[in-house]
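Working notes, beginning with the structure itself.
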Amino acid sequence: MRQFGEVTLGTIELFCLCVQSGSFSAAAVKAGLTPPAVSRAIARLEQHLGAKLFARTTRRFSLTDAGQRYYHHCRLALAQLGEAERELAGEQQTPSGTVRISIPTPLGQLRVLPSLPLFQARYPEVQLEVQLSNRNVDFIADGFDLAIRVRTPPESELIARPLGIGTLVVVAAPGYLERCGIPESPADLAGHDCIQFLLPSSGQPVPWRFVQGGKEVEIATRGSISITDDLLGCVTLARHGAGLLQTYRFLVEDDLACGNLLEVLPGFAGAGRPMSLLYPRNTHLPLRTRVFIDFLMEQVAGSFN
């Protein structure tokens, strides 16, 4: 029996079976063991880990926080072993199964979602679960395979595949500029209503970025309206004259083309934010995930520069 430290693979499988069955006795029936044998195996596992995995009462048990975390890791590891065995056995020559991905709302709406019918046509046996959210995800606890995020996170356990730089532009509705004037430099923003996008992680406004003297600089702005989570809501506000907005050029290119929005401060443009496709390091990637990564790099990379 394969061992992980002092823990056998069978013990890990038995632990997961207990969680999925809802009781030691039900797990014992499925595993062909006695309930005391299951209880002893879980006790040895808890002793080895130095943590309680189950909160027990006379009538029921539930996972502790440590148990919940350990279960997510074990479930992922067992699934990866199963994927590896199926691939080696030749059963995964056709990608199949579910891929879960988290994508920022605007990038998902305008760049990723329109391309997914093409992926569906290529790989009809792969199911995609897409979460549109700007919030950071925990790949293990939240059960995601992939995520697209602005900026490359420092965590060493994540692989980051660069998708390109989202170039920034400052825009406003013609009516707002007629009413409030046109800023000529970033310093003039102090006298304008600047629509604020709040970072979901901190609740703080995202600073505006400009190129001055060949270097990128960040400037704090102020405004009477702020939006959390959905950058497209900021575009709607700008379109209706609520103030100036710095956003990604690809989000407003149609509005600029038809005159709903006008670009301001073009002499200070050129700043941007990197976007990356993220997935956990040191994990076996199923074939379905690998082909979806390749598809995103083909269809999305560079599409918002």
Side-chain angles (χ1 to χ4, degrees), residues 1-102 125-131 133 135-147 155-158 278-290:
M1 176 67 70
R2 185 173 179 183
Q3 289 189 233
F4 299 85
E6 298 177 8
V7 178
T8 66
L9 181 58
T11 303
I12 293 174
E13 291 175 322
L14 184 59
F15 164 69
C16 291
L17 185 61
C18 289
V19 176
Q20 294 156 3
S21 301
S23 71
F24 288 176
S25 58
V29 171
K30 294 179 181 179
L33 300 171
T34 65
V38 173
S39 183
R40 287 193 297 270
I42 297 302
R44 288 193 298 268
L45 178 60
E46 290 178 324
Q47 183 178 14
H48 169 72
L49 296 173
K52 283 291 185 183
L53 301 176
F54 294 101
R56 302 173 180 83
T57 67
T58 55
R59 293 182 177 272
R60 55 175 295 180
F61 70 75
S62 60
L63 282 173
T64 62
D65 290 342
Q68 187 71 43
R69 188 74 178 179
Y70 188 64
Y71 174 65
H72 282 298
H73 282 288
C74 290
R75 185 179 61 177
L76 178 61
L78 292 174
Q80 290 170 344
L81 284 172
E83 291 284 353
E85 290 177 357
R86 284 191 292 273
E87 273 195 37
L88 290 175
E91 296 179 9
Q92 280 283 35
Q93 295 179 2
T94 299
S96 63
T98 300
V99 178
R100 300 191 71 230
I101 182 170
S102 176
E125 295 184 34
V126 177
Q127 291 78 48
L128 299 176
E129 293 184 11
V130 181
Q131 179 202 64
S133 172
R135 298 183 181 277
N136 292 332
V137 299
D138 184 320
F139 282 90
I140 301 300
D142 298 333
F144 284 99
D145 303 293
L146 304 167
E155 294 93 337
S156 60
E157 70 269 17
L158 296 179
L278 308 176
Y279 49 93
R281 188 183 300 275
N282 298 326
T283 60
H284 173 79
L285 292 178
L287 181 59
R288 60 178 177 267
T289 305
R290 298 203 305 269

Worksheet item: Got a second to check how far T289's OG1 is from L146's CG, nearest 0.5 Å?
Response: 6.0 Å
Worksheet item: Do E125 and S96 have a side chain donor and acceptor closer than 3.5 Å?
Response: no
Worksheet entry | Chi angles and distances behind the side chain to side chain contact (heavy atoms under 4.5 Å, CB included) call for V99, V126 | CA-CA 7 Å; V99 178; V126 177; 4.1 Å; yes
Discussion item. Nearest 0.5 Å, please: how far is CD in Q20 from CD in E13?
Written reply: 10.5 Å
Worksheet item: Of the non-hydrogen atoms in R288 and P95, which two are nearest, and what is the gap between them?
Response: CA-CB, 4.0 Å
Practice prompt. Name all residues meeting the salt bridge (charged side-chain N to carboxylate O under 4.0 Å, His left out) criterion together with K52; count only those two or more places apart in sequence or in a different chain, and write none if there are none.
Written response: E46
Worksheet item: Is there a side-chain contact between L287 and R290 (heavy atoms, below 4.5 Å)?
Response: yes
Worksheet item: After noting the C-alpha distance and the side-chain angles of L9 and L78, does the key distance pass the side chain to side chain contact (heavy atoms under 4.5 Å, CB included) rule?
Response: CA-CA 9 Å; L9 181 58; L78 292 174; 3.6 Å; yes
Would you list the atom pairs, donor with acceptor, under 3.5 Å between side chains in residues 25-44 and any protein atom, with sequence neighbours excluded?
residue, atom, partner, partner atom, Å
S25, OG, S23, OG, 3.2
K30, NZ, S21, OG, 3.4
T34, OG1, A37, N, 3.2

Worksheet item: Looking at side-chain heavy atoms only, is the closest gap between I101 and D145 below 4.5 Å?
Response: no
Worksheet item: Can you name the nearest heavy-atom pair linking T64 to A55, along with the distance?
Response: CG2-N, 3.8 Å
Worksheet item: Say you draw a straight line from CG of L53 to OG of S62; how long is it, rounded to the nearest 0.5 Å?
Response: 11.5 Å
Worksheet, complete the sentence: Note: R75 and C16 closest approach over all heavy atoms is N-SG, 4.2 Å
Worksheet entry | Short side-chain donor-acceptor distance under 3.5 Å, H72 and R69 | no
Worksheet entry | Residues which pass ring pair (Phe, Tyr, Trp, His ring centres under 6.0 Å) with F54, listed by chain and number, not counting sequence neighbours | F15, F24, F61
Worksheet entry | Side chains of Y70 and L63 in contact at under 4.5 Å (non-hydrogen atoms) | no
